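Report on the structure given below.
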Amino acid sequence: MAQPCYVNGQKNASYRSRQIVVANAHSEAVIDTLSRAGARPVVVDRGEDLGLTLLSVSNVTAATGELVDRTEPAHRARLPQAASADDLDPLLTALRAQFAGEHGGWRPTVGKNRYLGQVFGGDGIVNHGTGGRPSWTADDTPFPARTDGAGAGVVVGLLDTPIWPHRWLAGGWVGGPADQLPDTGEYAPADGHATFLTGLILSQAPSARVLVRHVLPAGGQGAEAWTVAKEIVRLGNSGIDVLNLSLICQTEDGDAPLTLRAAVDRVPPNVVIVAAAGNHGALSTDPVDGPPVLDPRSPAFPAALDRVIAVGASTRDGRITPFTPRDAQWVELVALGDEVVSTYLDGAVRQDDHTVDLFTGWARWSGTSVSAALISGAIAARVKPGTTPRDALRQLYHGRRIQPGGPGSTWRPHLVDLGGPFASEPPADRLAHGLNRRA
């Protein structure tokens, strides 16, 4: 029977089975210790830019037992119960315990190769920080023609799906052949995600340039954190001003994933990193068949990292949307993310219920990824001669604070008022087409 390529843990914390990530400086010692325990580690990739090494390990259960047997009792950590033969938590706990016993409490830097996106059921299917699907809109030209204006000379990096060559986006984005969505005749809803977000960025900063790099495959499939982290470093050091990350992962204990933390730390400090907070705020914490897989209060990464500006979604009347994470002290800014129109695919899209909708280049979507893209564009629009992206970001904090929580809540994020097509309330007939989908 074929072994699974991933493990689905608590709180949406899915990761690649039989792979661990270790700091380059500690890799030889970890490889030697795992080898002596019978784990047969093999180097899959060595990321010099990341400062990390990706290892595959086998014989996980037996190696875990061997590590425990070799560890001094005083330094043995309580091992978590293995959820499956591919659960890496017991191995990593035992590995840290042995090093602590042999080296006066010191432990190597090790972690998992996680999946990015909201991974449901551990099957690698992601919604890129989304909670639903796009809906058709009757608007044929909801955005005015792009003319010279805000964002001139500013480059926004976008790590996402491949992009569709939409006519309204012409001249506003750059990407290689691998970053463009192939013409297949029929698409998954998520295939238009990068196209949608690029339109939102350019709606705020029409003269900016969006540098698109695809890390999330077409068809709605997920990406491993190792792949995304390497691209964060590569794109972050390419001369961009803003980096938009509308994808997420979560961890069992709420601590930051090793690979994403390392990648963000290696992006130049002058680059502003903006990320979607996720759309898990409306989920119930009441277990049905065992512990909840998702928690509406849990941090999402990379948004919850210190270097990153986490963005939640608001309605058009300035209220926090139900799907924005609850009481999320790590969410700093909130912007429109409910029933927003933007550029999308031109063609047939097979929805989750197996119906096929024919889109004509525009769609309506909701979610924190929408809000993050609008914030990225708003930052780009405010960069002028003598004004850095960080200066532009500080201008967004001048918006009023809102109190979304109940009694006793101290979370008060800044609500950002947007310009461009979203500067005022749209006509009521536009809103009538919305189906409360989330992006």
Side-chain angles (χ1 to χ4, degrees), residues 115-118 124-130 132-137 139-143 146 155-203 208-224 227-228 230-232 234-235 238 240 243-248 276 340-352 354-365 367 369-370 372-373 376-377 437-439:
Y115 272 107
L116 265 291
Q118 291 193 355
I125 302 297
V126 303
N127 287 310
H128 323 303
T130 75
R133 65 190 188 189
S135 60
W136 174 85
T137 176
D139 292 314
D140 292 329
T141 55
F143 289 175
R146 282 194 10 258
V155 180
V156 179
L158 177 64
L159 286 183
D160 213 271
T161 62
I163 187 171
W164 172 265
H166 194 285
R167 56 192 178 278
W168 191 85
L169 303 177
W173 64 276
V174 177
D179 302 309
Q180 299 184 41
L181 187 66
D183 186 357
T184 60
E186 185 175 283
Y187 304 94
D191 289 345
H193 199 254
T195 309
F196 197 89
L197 301 190
T198 301
L200 295 174
I201 293 169
L202 294 177
S203 74
R209 184 161 51 104
V210 180
L211 184 54
V212 179
R213 291 292 179 268
H214 108 266
V215 292
L216 299 167
Q221 297 299 311
E224 295 176 11
T227 301
V228 175
K230 291 175 67 175
E231 288 301 320
I232 287 175
R234 185 176 294 118
L235 188 56
S238 67
I240 63 173
L243 176 59
N244 189 97
L245 302 171
S246 289
L247 34 71
I248 73 167
V340 178
V341 173
S342 185
T343 49
Y344 191 66
L345 305 174
D346 191 344
V349 176
R350 182 171 292 277
Q351 302 287 10
D352 298 336
H354 304 297
T355 62
V356 177
D357 292 338
L358 186 63
F359 285 80
T360 55
W362 301 91
R364 189 179 301 277
W365 224 341
S369 58
V370 169
S376 294
R437 305 301 188 187
R438 301 178 192 166

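The structure displayed is predicted, hence computed values, not measured ones. Below, all heavy atoms of this structure are taken into account, side chains as well, without hydrogens, waters or symmetry copies.
Scored by the salt bridge (charged side-chain N to carboxylate O under 4.0 Å, His left out) test, Asp346 finds no partners at all (sequence neighbours excluded). For Arg146, there are no side-chain hydrogen bond (donor to acceptor under 3.5 Å, both in side chains) partners two or more places apart in sequence or in a different chain. Scanning for ring pair (Phe, Tyr, Trp, His ring centres under 6.0 Å) contacts around Trp173 gives an empty result, with sequence neighbours left out.
When every heavy atom of Ala223 is checked against every heavy atom of Val215, the shortest pair comes out as CB-O, 3.3 Å. Across all their heavy atoms, Thr161 and Ala190 have their closest contact at CG2-O, 3.6 Å. Taking both residues in full, the closest heavy atoms of Ala348 and Leu358 are given as N-CD1, 3.9 Å, listed atom of the first, atom of the second, then distance. The shortest non-hydrogen separation linking Pro162 to Gln180 is CB-C, 3.7 Å. Of all the heavy atoms in Ala363 and Pro134, the pair that sits closest is CB-CB, 4.1 Å. Closest non-hydrogen pair, Ser238 versus Leu211, comes out as OG-CD2, 3.8 Å.
No side-chain heavy atom of His193 sits under 4.5 Å from any side-chain heavy atom of Leu216. Put simply, the side chain of Tyr115 reaches to within 4.5 Å of the side chain of Glu224, judged on heavy atoms.
Under a 3.5 Å cut-off, the side chain of Ser246 and the backbone N or O of Ala276 do not form any donor-acceptor pair.
A 6.0 Å sphere centred on CZ of Arg209 holds no more than 12 heavy atoms belonging to other residues, nucleotides or ligands.
Interatomic distance, His214 NE2 to Leu159 CG, rounded to the nearest 0.5 Å: 11.0 Å. Atom CG in Leu197 sits 7.5 Å away from atom CH2 in Trp365 (nearest 0.5 Å). A distance of 8.0 Å separates OG of Ser376 from CG of Leu243, quoted to the nearest 0.5 Å. To the nearest 0.5 Å, the span separating CD1 on Ile201 from CG on Asn244 amounts to 5.0 Å. Here the straight-line distance linking atom CG of Leu245 with atom CD of Glu231 works out to 11.5 Å at 0.5 Å rounding.
Only one option out of Phe359, Phe143, Trp362 pairs with His166 in a ring-ring contact (aromatic ring centres under 6.0 Å, His included); it is Trp362. For the side-chain contact (heavy atoms from CB on, under 4.5 Å) with Ile163, the qualifying choice from Leu181, Leu169, Leu158 is Leu169, the only one to do so. Thr195 pairs with exactly one of Trp168, Tyr344, Trp164 by the side-chain contact (heavy atoms from CB on, under 4.5 Å) rule, that one being Trp164.
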